[in-house]
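All ligand and atom numbering here is 1-based and tracks the order in the structure. Note that these values count all heavy atoms, side chains included, but never hydrogens, waters or copies made by symmetry. In this text, all values refer to a predicted model and were calculated from it rather than measured experimentally.
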Amino acid sequence: MGSGGGQWIVEKRSSFRSEPLEVNVSETGCLSIVVLGASGDLAKKKTFPALFNLYRQGSVKAEDVSEFLQLMKYTSGSYDTEEGFRLLDKQISEHEEAKSSADGSCRRLFYLALPPSVYPVVCKMIKLCCMNKSDLGGWTRIVVEKPFGKDLESAEKLSSQIGELFGEHQIYRIDHYLGKEMVQNLLVLRFANRLFVPLWNRDNIDNVQIVFREDFGIEGRGGYFDEYGIIRDIVQNHLLQVLCLVAMEKPVSLDSEHIRDEKVKVLQSVEPIKDEEVVLGQYHGYRDDSKVPDHSNTPTFASIILRIHNERWEGVPFILKAGKALSSKKADIRVQFKDVPGDIFNCEKQGRNEFVMRLQPSEAMYMKLAVKQPGLEMSTVQSELDLSYKQRYHGVTIPDAYERLLLDTIHGDQQHFVRRDELKAAWDIFTPLLHRIDIGELKPISYQQGSRGPAEADELLLRAGYIRTHGYRWIPPAL
Ligand SMILES: NC(=O)C1=CN([C@@H]2O[C@H](COP(=O)(O)OP(=O)(O)OC[C@H]3O[C@@H](n4cnc5c(N)ncnc54)[C@H](OP(=O)(O)O)[C@@H]3O)[C@@H](O)[C@H]2O)C=CC1
Ligand SMILES: O=C1O[C@H](COP(=O)(O)O)[C@@H](O)[C@H](O)[C@H]1O
């Protein structure tokens, strides 16, 4: 899929500048976006809708999907032979010539919406057949999706194979959670607010939960899911990336490398996972999927405590919880503070201060805190300082994560992509646990679909020190 000749006007997201910068993406050469795996689930659900939205925003009267479709060309071919890739290169070159783009200024973005097993051969073919010249600012970039490997060894092997063909600056390892509004907000909240600076540490924070819940099961993805399971699907990547942003030290600057340096340090400080701090679950009915073996040991739910061995976080449990086919669909970060020393109000009975960031649905952040019960009595009640995005930013459309990340790729901004050493450190944490699950040493507990997951997970939460608020009732503000 390509565009050129001054057609695409897109907004450059200069990460933290307040004023959006209008940039014509074709000003430095023709841009071609090649989606490999165009007929797959990911391309259908995420990649093409994101591309369409970007296109729609950039072209004033292009609400019509047919205009968008006219920009596309479909090339069919096999992933491991040169023939198809030579044809692809020819088509891209013809398009670039048609747009009169100077040789050496063209930009080619290859989005691999493919299973990781074919990444190496596809990258080899791109390198062999589809590279462009870069002497006038042109580039070739590769976007790869998760799962990037299955464990430390396979991920490192994959990294080496791709690393032999492309430089790190050309490889964009996408984790779409890094493109979510509230995840991107974490750096601002933590480092642009004096309020949080002195509080964000083991002296004040008792525990942190990072939770992903889905209210549907694997829905026809049994073949993929059973091979990977919930830890590889969600925890090792999405939730761990969120943990990094919650726990990392302040980066030297907003430069991609500075941010990723700090994330790597957090990951390297995570202690080995203890068996007694893991609860695995598998929903009842999971094995009914035709592609799931009858005796599958794959977890569809996991609650895992990670402990960070450093000055800021020693002793603070980070509870990472993810599950499919549960009672609700949500993703949030819940930071629970310690009790007030020498409490004269008996607030402890009601609950602790909590700072909650809800990533989805309906982005919000709220601080649960004790206030005086309105009225004559001098008693306390749990209430909240509430920033609900729909109310506060009424009418503002929050872009989809994939839209942002595709745009970042076009702009060469790697801040929200996973660096090779980061990936290695992430696999380091989970590989021993995953291997034990793979060989059946650890078994998931069965739970009912539409439930909260295994009761053992809530027990683990209590053991970790989490204290649930009692009698708290949220009254949504009226618009
Ligand atoms: N701006 C907004 O939209 C706001 C919305 N609210 C809403 O108010 C409600 C209450 O909010 P809040 O107190 O923060 O969150 P919840 O009551 O949803 O959850 C608080 C904690 O208790 C756990 N929990 C929930 N149910 C059970 C259970 N039956 N047994 C054991 N543990 C349980 C949750 O685990 P887990 O995370 O795994 O479910 C979580 O750790 C929510 O629906 C929230 O969305 C509140 C404030 C602002
Ligand atoms: O990467 C994945 O994410 C989705 C959930 O994404 P979200 O943006 O809707 O929260 C999940 O359903 C899928 O299993 C997983 O592969």
Side-chain angles (χ1 to χ4, degrees), residues 41-42 45-46 49-50 113 145-148 174-183 207-222 224-239 241-242 279 281 300-303 319-336 350-369 382-392 400-402 405 451-462 464-477:
D41 193 58
L42 175 73
K45 283 191 186 145
K46 302 281 191 187
E145 270 286 345
K146 59 148 261 263
F148 200 82
I174 211 165
D175 182 315
H176 79 277
Y177 267 58
L178 291 177
K180 289 191 186 273
E181 181 70 29
M182 300 308 271
V183 175
N207 59 76
V208 178
Q209 290 182 64
I210 303 172
V211 178
F212 167 95
R213 295 179 165 274
E214 250 173 10
D215 55 2
F216 51 89
I218 50 167
E219 293 190 335
R221 292 169 79 214
Y224 154 80
F225 195 87
D226 199 67
E227 201 184 330
Y228 288 92
I230 197 79
I231 299 177
R232 292 182 177 99
D233 191 46
I234 302 285
V235 183
Q236 180 270 351
N237 33 71
H238 303 331
L239 300 194
Q241 284 295 326
V242 173
V279 172
T300 59
F301 176 100
S303 182
I319 303 122
L320 270 49
K321 185 160 52 180
K324 299 242 171 210
L326 298 175
S327 52
S328 59
K329 177 169 163 54
K330 72 162 188 184
D332 64 23
I333 305 164
R334 185 176 300 271
V335 178
Q336 184 171 78
Q350 285 159 348
R352 292 166 160 174
N353 290 162
E354 283 179 6
F355 177 61
V356 184
M357 290 183 78
R358 196 171 57 224
L359 316 185
Q360 61 194 38
S362 307
E363 291 83 353
M365 62 180 91
Y366 51 96
M367 174 74 92
K368 286 167 67 172
L369 72 185
Q382 278 273 343
S383 194
E384 71 284 320
L385 295 175
D386 185 350
L387 174 55
S388 294
Y389 273 45
K390 278 208 180 100
Q391 270 90 29
R392 180 64 178 82
D400 175 72
Y402 275 91
L405 296 175
S451 72
R452 289 186 42 76
E456 286 81 346
D458 284 331
E459 286 160 20
L460 178 68
L461 197 56
L462 291 181
Y466 179 73
I467 297 181
R468 272 190 82 195
T469 313
H470 296 293
Y472 171 72
R473 200 163 67 87
W474 179 60
I475 299 164

For Gln209, the ligand 1 atoms whose distance to one of its heavy atoms is below 4.0 Å = 41 (O)
Qualifying side chain to side chain donor-acceptor pair (under 3.5 Å) pairs, either residue in residues 209-220, two or more places apart | Glu214-Lys324
Does Arg232 use its side chain to pair, donor to acceptor, with the backbone of Gln236 at less than 3.5 Å?
-> no
Which residue supplies the protein heavy atom nearest to atom 21 (C) of ligand 1, what is that atom called, and how far is it?
-> Tyr466 OH, 3.1 Å
Salt bridge present between Asp400 and Lys46 (N-O < 4.0 angstrom) = no
Nearest protein heavy-atom contact for atom 3 (O) of ligand 2: which residue, which atom, what distance?
-> His176 CE1, 3.4 Å
Considering Asp233, Ile218, Ile174, which one's heavy-atom position lies nearest to atom 15 (C) of ligand 2?
-> Asp233
Nearest option to atom 32 (N) of ligand 1, as decided by whichever heavy atom of Arg452, Arg392, Lys368 sits closest = Arg452
Element-labelled atoms of ligand 2 that are located less than 4.0 Å from some non-hydrogen atom of His238 = 1 (O), 2 (C), 3 (O)
Does Arg213 reach ligand 1 with a nitrogen or oxygen that is under 3.5 Å from one of the ligand's nitrogen or oxygen atoms?
-> yes
Charged N-O contact under 4.0 Å between Asp458 and Arg452 = yes
Plane angle bin for His176 and His238 - parallel if under 30°, tilted between 30 and 60°, otherwise perpendicular = perpendicular
Indicate yes or no: does an N/O atom of Asp386 lie under 3.5 Å from an N/O atom of ligand 1?
-> yes
Is the charged tip of Lys368 near the ring of Tyr472: under 6.0 Å from the six-membered ring centre and within 45° of its axis?
-> yes
Is there a side chain to side chain donor-acceptor pair (under 3.5 Å) between Asp41 and Tyr224 once you walk through the steps?
-> CA-CA 11 Å; Asp41 193 58; Tyr224 154 80; over 6 Å; no
Atoms of ligand 1 close to Lys321 [distance to a heavy atom under 4.0 angstrom, numbered from 1] = 35 (O), 36 (P), 38 (O)
For Phe212, the atoms of ligand 2 under 4.0 Å from one of its heavy atoms are 5 (C), 10 (O)
Considering only heavy atoms, which of Glu219, Lys180, Lys329 lies nearest to atom 8 (O) of ligand 2?
-> Lys180
With respect to atom 11 (C) of ligand 2, which of Lys330, Glu214, Gln360, Lys146 exhibits the smallest heavy-atom separation?
-> Glu214
Can a protein heavy atom be found under 4.0 Å away from atom 43 (O) of ligand 1?
-> no
Decide whether the shortest distance between a heavy atom of Met365 and an atom of ligand 1 is less than 4.0 Å.
-> no
Residue, atom and distance of the protein heavy atom nearest atom 10 (O) of ligand 2 read Tyr177 OH, 2.4 Å
Which ligand 1 atoms does Ala364 reach within 4.0 Å, using its non-hydrogen atoms?
-> 1 (N)
Among protein heavy atoms, which sits nearest to atom 2 (C) of ligand 1, and what does the distance come to when rounded to 0.1 Å?
-> Trp474 CZ2, 3.1 Å
Does Asp458 have a non-hydrogen atom less than 4.0 Å from ligand 1?
-> yes
Atoms of ligand 1 close to Tyr472 [distance to a heavy atom under 4.0 angstrom, numbered from 1] = 10 (C), 11 (O), 13 (O), 46 (C), 47 (C)
Within-cut-off N or O pair, Arg468 and ligand 1, under 3.5 Å | yes
Atom indices of ligand 2 within 4.0 angstrom of Lys324 heavy atoms, with elements = 11 (C), 12 (O), 13 (C), 14 (O)
Near Lys330 (heavy-atom distance under 4.0 Å), the atoms of ligand 1 are 36 (P), 37 (O), 39 (O)
Would you mind checking which non-hydrogen protein atom is closest to atom 16 (P) of ligand 1, with the distance to 0.1 Å?
-> Arg334 NH2, 3.9 Å
Over-ring placement of Lys180 relative to Tyr177, 6.0 Å and 45° cut-offs = yes
Which is closest to atom 45 (O) of ligand 1 in terms of heavy atoms, Lys390, Gln382, Arg358?
-> Arg358
Taking heavy atoms and a distance under 4.0 Å, where does Phe225 meet ligand 2: side chain, backbone, both or neither?
-> neither
